[in-house]
Amino acid sequence: MKHMNRTTGILFGLAAATMALTGFTAPAASAAAPQVTAGCYASSCSGWDPIQMGCNTDAYTVESKSSAYGTIELRYSSSCKANWARISGASNGQLFWVENSADIQFWNAIGSSGYGDMVDGSVKARACISSGPCTGWH
């Protein structure tokens, strides 16, 4: 173990005294990320737009399936506990939907992409393209 010499000790003491007298404090740790505030939860999300309800902020794609009709994604938000379908690479007007055991939300692609309203994510759900594939039940 290395010992500090008298000069080093005096310098550290002066630095500490100066900081105490001037009110210097170490920078505070950065604040934790703010909690996601969602406008709905589970069954209360059914039929609502995920972006308008703030459910898109923590959303992720559970599974996606691609075909000649486009790519369908099953999206999930843990803060909202809700699922919805998102489509890309589709024909304008391509029908797609998300469903669970209690609800189904149909949508048509606008241009080559789109997303639909949500269903309760506390039960298994899947997303489908008409004439194309469905994701698995998650």
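Numbers here simply count residues along the sequence, with the first being 1. As a basis for the values below, the full set of heavy atoms in this structure was taken, side chains included, without hydrogen atoms, waters or symmetry mates.
- A 4.5 Å side-chain heavy-atom check between Trp97 and Ser130 finds at least one atom pair inside the cut-off.
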Mind running side-chain contact (heavy atoms from CB on, under 4.5 Å) on Gln105 and Met118 for me, showing each step along the way?
CA-CA 7 Å; Gln105 296 291 326; Met118 299 178 285; over 6 Å; no
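- With sequence neighbours left out, Ser66 forms a side-chain hydrogen bond (donor to acceptor under 3.5 Å, both in side chains) with Thr71.
- Without hydrogens or angle criteria, Ser77 side chain to Cys80 main chain gives a donor-acceptor distance under 3.5 Å.
- Atom CD1 of Ile51 sits in a crowded spot, with more than 12 heavy atoms from other residues, nucleotides or ligands closer than 6.0 Å.
- Under the salt bridge (Lys or Arg N to Asp or Glu O under 4.0 Å) criterion, no residue pair touches residues 100-110, with sequence neighbours excluded.
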Enumerate, atom names and distances included, each donor-acceptor pair closer than 3.5 Å involving a side-chain atom of residues 131-138, sequence neighbours excluded.
unit_1	atom_1	unit_2	atom_2	d
Thr135	OG1	Ala127	N	3.0
His138	NE2	Glu63	OE1	2.4

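- A donor-acceptor pair under 3.5 Å is absent between the side-chain atoms of Asn100 and the main chain of Ala125, judged by distance alone.
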Could you go step by step and tell me if Cys40 and Cys45 meet the disulfide bond (SG atoms under 2.5 Å apart) rule?
CA-CA 5 Å; Cys40 63; Cys45 292; 2.0 Å; yes
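- Ile72 shares a hydrophobic cluster with Tyr69, Ile87, Phe96, Trp107, Ile129; the chain of contacts runs through ILVMFWY side chains whose heavy atoms sit under 4.5 Å apart.
- Taking Ile, Leu, Val, Met, Phe, Trp and Tyr as members and joining any whose side-chain heavy atoms lie under 4.5 Å apart, directly or through other members, the hydrophobic cluster of Leu74 also contains Tyr60, Val62, Tyr76, Val98, Val119.
- Trp48 is linked by a ring-ring contact (aromatic ring centres under 6.0 Å, His included) to nothing, counting only residues two or more places apart in sequence or in another chain.
- When the side-chain hydrogen bond (donor to acceptor under 3.5 Å, both in side chains) test is applied to Asn108, no partner is found at least two apart in sequence or on another chain.
- Within the structure, the salt bridge (Lys or Arg N to Asp or Glu O under 4.0 Å) test picks out the following pairs touching residues 68-93 (sequence neighbours left out): Glu73-Arg86.
- Pro50 places a side-chain heavy atom less than 4.5 Å from the side chain of Trp84.
- Between the CD1 atom in Ile110 and the CD atom in Gln94 there is a gap of 13.5 Å [rounded to 0.5 Å].
- Membership of an apolar cluster is not assigned to Val123, as no side-chain contact below 4.5 Å to another ILVMFWY residue is traced.
- Pairs of residues two or more places apart, or lying in two chains, that qualify as salt bridge (Lys or Arg N to Asp or Glu O under 4.0 Å) and include a residue from residues 121-134 are Glu99-Arg126.
- Annotation: side-chain hydrogen bond (donor to acceptor under 3.5 Å, both in side chains) contacts of Ser122 (sequence neighbours excluded): Asp120.
- Applying the side-chain hydrogen bond (donor to acceptor under 3.5 Å, both in side chains) test to Ser113 and every residue at least two apart in sequence or in another chain returns nothing.
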Between Tyr115 and Asn56, is the side chain to side chain donor-acceptor pair (under 3.5 Å) condition met? List the steps.
CA-CA 11 Å; Tyr115 68 94; Asn56 62 314; over 6 Å; no
